[in-house]
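In what follows, a single structure is set out as structure tokens and then discussed.
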Amino acid sequence: MSSLEKETRRIAESEIRIGDPSYVAAGKPAGALRVVFLFPYGHAYSLMCNGPMSLYDLINKRADVPAIAERALIYDCLVREGNRLRSPEGEHYRSIESDLPVDQAHIIGLSVTNAGDLHSVFRLLDLARIPRRAADRRAGVHPLIVGGNGGFANPEILAEYVDVVAVGEAEESLLEMIRIIHAHLRSGAGLGSLPERLSQVPGLYVPSMYDYSCQPGGGVTAVRPRSLRTPDRVHAQFLDAGNLHSAHFVSPISDGSAAMLFPVLGCKHSCSFCTLGTPPFRQAPLDLLTSYVDQLEQHGIGKIIISAPTFTQYRWRDALLAHIRRYAERAQHKVTTIIGSVRADEISASYLSAVAELGEFGHLFTELRMEAVRGIITIAPEFAAPDLVSIYGKTMTPERVGKAIDLCRANPDYSAIMLYFIVGAPGERREDRLAIADYAKAIRDRLGRSDGTVILKIQQFMPQPGTTSQRLAMTDPSLIDGYIGEIRERLCVLAGQEAYDKYFRVLWGEASRLYLEAVCLRGDRRVGEVLEDLYESGADLSTLTKEQLLGALKARGLEFGRHLRYMSDPVLPWHVVNDIDHEAELELAAAVAHRSERCR
């Protein structure tokens, strides 16, 4: 038995299907398509990707969908050679569910979470022995490549490499695409007209159906559909909670160690730099989540991860926590509950008590990226300057944060506070950044715990396509290390070296990824060629330097500075999928400019 076969068999045997375990492959229509979702992660992390996992589950549980879905991962046994991966012993790359080569699928689904990781698409396609560029693939011979998720917020970067991008939630658009392709193949019709037909499906962006006029150095001047039947714009699709498949709210498969719940989708607030408020706010039915917890208890799964942008917005949060607590009280094994972010202005004493009564609880970020910190609450002020908080649409005023800390101080189960801050935003001054250190020191003082710990998680401001800040200028990522160093130094002075070492942590270390993210968020189709050049060169893209990026951009006639500037261009590279109100963009830009002028 080969290494890959052993590993996929071990994975399959370890998996527990939760909810309705029945799959309807035997009842599928004749000629059912083969859909393979490629995950750029190992097994445990792939199960947390609820977008592709929910689509995988949906396809396999719907008898009327003429397709069977599979999953292929970054298996432990794969051999790394520079930027590439290959199967051991000359084996073909396969899925968990089938020993057939992945490149024999009809459709390949690629989900990328962050724009800075788009180069992972090259690695996966190479691993599967599928030509990277769409122009090099032949209809009926090679799979159709479909991309989606937040990494494709600007779909132009990989426009020459993917055939279709699903914009928004793909529960309806992907199924419609499957039905169209299945009908084409069953009728014997040629696939040459397929791109035009798929471009008419709401929520599907087909890059080959649009012509772009590019500017020197970066950017575009015009976008034109190639067909009268191809729409000028593609709008993101979002479904009502009642029309979403259950796996959108609960992970359908566990490896036996953990399982995830997604109580809310979207956010009630719309901060100008955040994509969480883009989809409408929806909530999972309580009985769906409690029934799911009951099944976790039956299977003895002891780690429950509640992933939500703002769990405190979930209407039935107290009832859900009480249900989990009763499971923990009955269990003979340890039950740990890991909770994603909450909002300081939505925290109450009863919520803190309900979480503390779970017994063993923690936070999702620290669970995945640090040692498992317990007794932690996370708050996202984002800015230390109150007027910056207001300008960027945040509601997390110092007063509200202070009230939340007072509630934590009154509850002996909370000894750690994690604060999220942003640096490098337009309108920001050096003193605004240094004030983050003062803010952290004040929070620990207000917490009033001798063992109190404050963790600063600092991120760079990155204007995201699909937000009102998408045109704003971006700080050169090479400057951020210096900013973080100044914050650390000031916090050390304020707290004293001994207290700083013992009770404070400042988390940062993303500069290399942000170089790529800067150009991938703002670039046109030529940036995809830059990524491929860097990938081909063997450059370590996890430690990419600014000099390496500048050289690769120059070779393709692009300028780094054009990707950092305020984008006043009438047409943005992601024009086809851009739904943002331009008046709101101008209003935000004016407020930022006014602060900058006032603070000189």
Side-chain angles (χ1 to χ4, degrees), residues 28-29 31-37 51-52 54-60 62-69 105-112 134 137 139-140 142-156 158-187 189-212 223-240 243-245 248 278-280 465-466 574-579:
K28 291 286 186 177
L33 305 183
R34 184 173 173 229
V35 180
V36 179
F37 291 96
S54 65
L55 295 172
Y56 163 87
D57 195 66
L58 174 64
I59 291 169
N60 285 335
R62 286 273 297 269
D64 62 325
V65 178
I68 298 171
H106 296 93
I107 299 171
I108 295 292
L110 293 165
S111 177
V112 180
R137 297 191 292 268
H142 297 110
L144 191 81
I145 308 300
V146 183
N149 213 334
F152 286 91
N154 174 8
E156 287 313 294
L158 293 185
E160 304 289 348
Y161 302 89
V162 299
D163 300 298
V164 180
V165 175
V167 185
E169 292 162 349
E171 269 86 347
E172 293 185 348
S173 61
L174 181 62
L175 298 195
E176 180 63 16
M177 181 184 73
I178 288 171
R179 293 186 182 104
I180 290 171
I181 296 174
H182 179 260
H184 265 68
L185 293 175
R186 294 288 290 171
S187 68
L191 297 177
S193 62
L194 195 59
E196 182 180 40
R197 176 67 185 89
L198 294 180
S199 73
Q200 298 166 39
V201 176
L204 293 186
Y205 172 53
V206 182
S208 65
M209 293 306 301
Y210 297 86
D211 286 321
Y212 281 72
V223 182
R224 295 171 298 275
R226 291 184 173 180
S227 163
L228 293 176
R229 297 179 180 178
T230 298
D232 293 329
R233 298 292 181 98
V234 176
H235 303 288
Q237 302 295 295
F238 297 108
L239 281 65
D240 294 336
N243 292 323
L244 284 169
H245 183 52
H248 217 99
T278 300
W574 55 96
H575 172 79
V576 175
V577 299
N578 182 25
D579 277 334

| Would you say Asp211's side chain and Arg224's backbone share a donor-acceptor pair under 3.5 angstrom? | no
| Which heavy atom in Pro465 sits nearest to a heavy atom in Asn154, and how many Å separate them? | CG-CB, 4.0 Å
| Gap between atom CG of Asp57 and atom NE2 of His245 - 0.5 Å precision | 3.5 Å
| Are Glu156 and Tyr212 close enough, and set up right, to give a side-chain contact (heavy atoms from CB on, under 4.5 Å), and what steps lead you there? | CA-CA 10 Å; Glu156 287 313 294; Tyr212 281 72; 3.1 Å; yes
| said: Could you report the tightest heavy-atom contact between Ile108 and Pro143, atom names first, then the distance? | reply: CG1-CB, 3.6 Å
| message | Below 30° counts as parallel, above 60° as perpendicular, anything between as tilted: where do the rings of Tyr56 and Phe37 land? | response | perpendicular
| field | Any donor-acceptor pair under 3.5 Å from Lys28 side chain to Pro66 backbone | value | no
| When rounded to the nearest 0.5 angstrom, what is the spacing between CG in Leu55 and CG in Leu175? | 7.5 Å
| field | Donor-acceptor contact below 3.5 Å, side chain Asp163 vs main chain Val146 | value | no
| field | For Arg179, all residues meeting side chain to side chain donor-acceptor pair (under 3.5 Å), sequence neighbours excluded | value | Asp64
| Looking only at heavy atoms, which two atoms of Phe238 and Gly168 are closest? And how far apart? | CE2-CA, 4.0 Å
| So how far is it from Ser199 OG to Arg229 CZ, rounded to the nearest 0.5 Å? | 10.0 Å
| remark: What one should report as the nearest heavy-atom pair of Ala153 and Val577 is O-CG2, 4.1 Å
| query | Shortest non-hydrogen contact from Val162 to Ala134? | reply | O-CB, 4.4 Å
| When you measure from the side chain of Glu172 to the backbone N and O of Ala170, does any donor-acceptor pair fall under 3.5 Å? | no
| Ile178 to Ala67 - nearest heavy-atom pair and separation | CG2-CB, 3.7 Å
| task | Evaluate the side-chain proximity of Pro202 to Glu176: yes if any heavy-atom separation is below 4.5 Å, no if none is. | result | no
| said: Please check: side-chain N/O of Arg137 versus main-chain N/O of Tyr161, any donor-acceptor pairing under 3.5 Å? | reply: yes
| Between Met177 and Val201, is a side-chain contact (heavy atoms from CB on, under 4.5 Å) present by the stated rule, with each step listed? | CA-CA 8 Å; Met177 181 184 73; Val201 176; 5.8 Å; no
| field | CZ-CG distance between Arg233 and Asn578, expressed to the nearest 0.5 angstrom | value | 6.0 Å
| Who pairs with Asn243 by side-chain contact (heavy atoms from CB on, under 4.5 Å), at least two apart in sequence or on another chain? | Leu239, Asp240
| Separation between CG of Leu33 and CG of Leu144, rounded to the nearest 0.5 Å | 10.0 Å
| task | Test side-chain contact (heavy atoms from CB on, under 4.5 Å) on Thr230 and Val206 and set out the steps. | result | CA-CA 9 Å; Thr230 298; Val206 182; over 6 Å; no
| query | Hey, mind stepping through Gln237 and Ser173 against side-chain hydrogen bond (donor to acceptor under 3.5 Å, both in side chains) and telling me if it holds? | reply | CA-CA 8 Å; Gln237 302 295 295; Ser173 61; over 6 Å; no
| request: Working to the nearest 0.5 Å, report the span between CD1 of Ile68 and CD1 of Ile59. | output: 10.5 Å
